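A quick write-up on the structure given underneath.
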Amino acid sequence: MHILITGSSGQIGTNLGLFLQAKGHQVFGVDIRPNAWTTEIETLLQDLSKPYNSFAGGIGHVQYPPNIDLVVHFAAHAKVHQLVQQPERALENITMTYNVLEYCRQNNIPVIFSSSREVYGDIHRYITEESYADFAFTESPYSASKISGEALIYSYAQCYGLRYLVFRFSNVYGRYDNDIHRMLRVIPHFIRQISQDKPITVYGKEKVLDFTYVDDCVAGVYAGIEKLVGGEIANHTINLAFGQGNSLVQMAEYISEALGKKLDMTIKPSRVGEVTHYVANVGKARALLDYTPQVSLREGIHKAAAWSMDWWQEHPEHYYAGFQEVLE
Ligand SMILES: NC(=O)c1ccc[n+]([C@@H]2O[C@H](COP(=O)([O-])OP(=O)(O)OC[C@H]3O[C@@H](n4cnc5c(N)ncnc54)[C@H](O)[C@@H]3O)[C@@H](O)[C@H]2O)c1
């Protein structure tokens, strides 16, 4: 298959791109910045929030072939708290999705969209259902951008026959997420702090979230790619997560266990715009995609900690760099 991934320099895009290549597929990346992790993914440098561009030319001057089988649209400003501070980025997310949908419409290409559990709002329920998303509980500009992206996709399916899968991800962690210069994510941040015997702050003692190891996420998306391109399924919205809840405190304890370090933890209230309780019902993913997540939080944290420490050993400038604020 020929697969175009937007946001191919990001965490999930890099993991998916390399996975697809290992399976023998051809991957074409588009991102506003080069890939910091690998040179294997050909990347067209383009700002997707600018007026519609055909993915020809661009800053990288890479010409992409006309025979793309599928677009996986990952590009976004993906930080909830950052978008509370800079809501104009939420609008850019919507524009990016519009541009990608125009490309798909004009070239009759199916699309996979990376939505988020954020569309459910802060529902304080243990189980969620795909059919339920109450916009009255939109928690943040980031949530609004994902709800808008989904709505645009559904409208393109109605009006132009677009074939799609929407995946609602939840706290994906693992390889290629510890570029702390670019974006401070809570798990790599805690790994670094705890490994350096530094204190950590947990925002929300009561927060229970569904953490997804990146290999499970990629396996689910890959099953979706095969079935969407193969014509087996289309036009579904699917939760993709591990399907169990864990507190941030538990997650931090697993990190301290993995590193053999003591935990120096301060707990503060959750911040504005944050979802504080989410556990995905992954029954639809299981039924449609035969999705069976494999990696528990404890096992995943041990893998993530080992990978991060190895990576930082090769990039000590990142390990010892300063940072401004935890934007998770
Ligand atoms: N990682 C998670 O836990 C999670 C959870 C729910 C949803 N998602 C969604 O999944 C997708 C992938 O997430 P990720 O963790 O890999 O995020 P990421 O931030 O690592 O990757 C997103 C990529 O989009 C690129 N991008 C941003 N603005 C762009 C622009 N104007 N033009 C072109 N490229 C641009 C960034 O440079 C980045 O490489 C995102 O849409 C995110 O909102 C992620």
Side-chain angles (χ1 to χ4, degrees), residues 4-19 29-38 41 43-53 55 58-60 71-83 86 88-100 103 111-120 140-150 153 166-188 209-214 216-218 220-221 238-242 251 274-275 278 280 300 304 327-328:
L4 193 153
I5 302 177
T6 73
S8 55
S9 301
Q11 180 208 5
I12 308 175
T14 302
N15 278 287
L16 179 68
L18 293 175
F19 180 89
V30 181
D31 205 294
I32 198 169
R33 64 196 174 94
N35 196 307
W37 312 101
T38 176
I41 300 174
T43 307
L44 172 63
L45 297 180
Q46 197 167 89
D47 182 351
L48 289 171
S49 67
K50 294 285 180 271
Y52 172 64
N53 195 312
F55 303 130
I59 303 164
V71 175
V72 179
H73 176 39
F74 283 161
H77 301 293
K79 301 297 297 177
V80 175
H81 192 59
Q82 184 186 61
L83 269 60
Q86 298 170 308
E88 69 278 8
R89 290 184 179 226
L91 188 58
E92 288 182 10
N93 282 352
I94 299 167
T95 309
M96 285 186 232
T97 303
Y98 163 74
N99 285 334
V100 167
Y103 176 76
V111 69
I112 285 182
F113 178 58
S114 52
S115 188
S116 167
R117 59 113 200 274
E118 300 288 326
V119 300
Y120 293 113
S140 69
Y142 175 77
S143 315
S145 76
K146 291 298 184 188
I147 290 170
S148 306
E150 286 197 19
I153 286 175
V166 167
F167 284 113
R168 291 178 178 160
F169 297 149
S170 174
N171 286 90
V172 183
Y173 69 99
R175 278 184 307 277
Y176 312 134
D177 68 346
N178 66 357
D179 185 354
I180 282 168
H181 277 317
R182 179 175 90 86
M183 185 196 272
L184 222 39
R185 296 183 196 242
V186 69
I187 290 181
L209 299 173
D210 197 333
F211 295 94
T212 316
Y213 189 65
V214 70
D216 283 331
C217 175
V218 165
V221 173
I238 303 168
N239 293 334
L240 206 66
F242 187 64
M251 178 268 284
E274 292 180 331
V275 167
Y278 177 78
L327 290 173
E328 190 71 29

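Numbering of ligands and ligand atoms starts at 1, following listing order. This one's a predicted model, so the numbers in the text were calculated from it and none came from an experiment.
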Quiz prompt | Inter-residue atom distance Ile112.CD1 - Ile153.CD1, 0.5 Å rounding | solution =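 Separation between the atoms: 10.5 Å.
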Quiz item: If you round to the nearest 0.5 Å, how far is NZ of Lys146 from CG of Leu83?
Solution: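 Between atom CG of Leu83 and atom NZ of Lys146 there are 10.0 Å.
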Check [X] against [Y] and note the closest heavy-atom contact, atom names and distance.
| X | Y | answer |
| --- | --- | --- |
| Arg33 | Leu45 | C-CD2, 3.4 Å |
| Ile41 | Thr14 | CD1-O, 3.9 Å |
| Ala280 | Ala241 | CB-CB, 3.6 Å |
| His77 | Asn93 | N-OD1, 2.7 Å |

Numbered atoms and elements of ligand 1 in range of [X], under 4.0 angstrom, heavy atoms:
| X | value |
| --- | --- |
| Asp47 | 30 (C), 31 (N), 32 (N) |
| Ser115 | 6 (C), 7 (C) |
| Gly10 | 16 (O), 18 (P), 20 (O), 21 (O), 39 (O) |
| Met96 | 28 (N), 29 (C), 30 (C), 31 (N) |
| Val172 | 1 (N), 2 (C), 3 (O) |
| Ala75 | 24 (O), 34 (N), 35 (C) |
| Asn171 | 3 (O) |
| Arg33 | 36 (C), 37 (O), 38 (C), 39 (O) |

If you measure from each heavy atom of [X] to ligand 1, is any distance below 4.0 Å?
| X | answer |
| --- | --- |
| Arg185 | yes |
| Gln46 | yes |
| Tyr142 | yes |
| Glu92 | no |
| Lys50 | no |
| Ser8 | no |

Self-check item: Under 3.5 Å donor-acceptor, Asp210 side chain and Tyr278 backbone
Solution: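 Not at all, since once roles are kept as given, no pair shorter than 3.5 Å links the two residues.
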Quiz item: Does Thr6 reach the main-chain N or O of Phe74 with its side chain, forming a donor-acceptor pair under 3.5 Å?
Solution: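 Checking the backbone N and O of Phe74 against the side chain of Thr6, a donor-acceptor pair under 3.5 Å is found.
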Quiz item: Do the ring centers of Phe167 and Phe113 come within less than 6.0 Å of each other?
Solution: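 Here the rings of Phe113 and Phe167 have centres that are no less than 6.0 Å from each other.
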Quiz item: Going by heavy atoms in the side chains, are Tyr120 and Arg168 under 4.5 Å from each other?
Solution: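 The answer is yes, as the side chains (C-beta and beyond) meet within the 4.5 Å cut-off.
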Quiz item: Does atom OH of Tyr98 have more than 12 heavy-atom neighbours from other groups under 6.0 Å away?
Solution: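 Not buried by this count: 12 neighbours or fewer within 6.0 Å.
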Quiz item: Just going by heavy-atom distances, which of Tyr176, Phe211, Phe74 is nearest to atom 41 (O) of ligand 1?
Solution: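 Heavy atom nearest to atom 41 (O) of ligand 1 belongs to Phe74.
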Quiz item: Nearest to atom 22 (C) of ligand 1 by heavy atom, Ala76, Gly29, Ala78: which?
Solution: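 It is Ala76 whose heavy atom sits nearest to atom 22 (C) of ligand 1.
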Practice problem: Say whether Val30, considering both its backbone and side-chain N or O atoms, lies within less than 3.5 Å of an N or O atom on ligand 1. | Solution: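 Such a contact does not occur with ligand 1.
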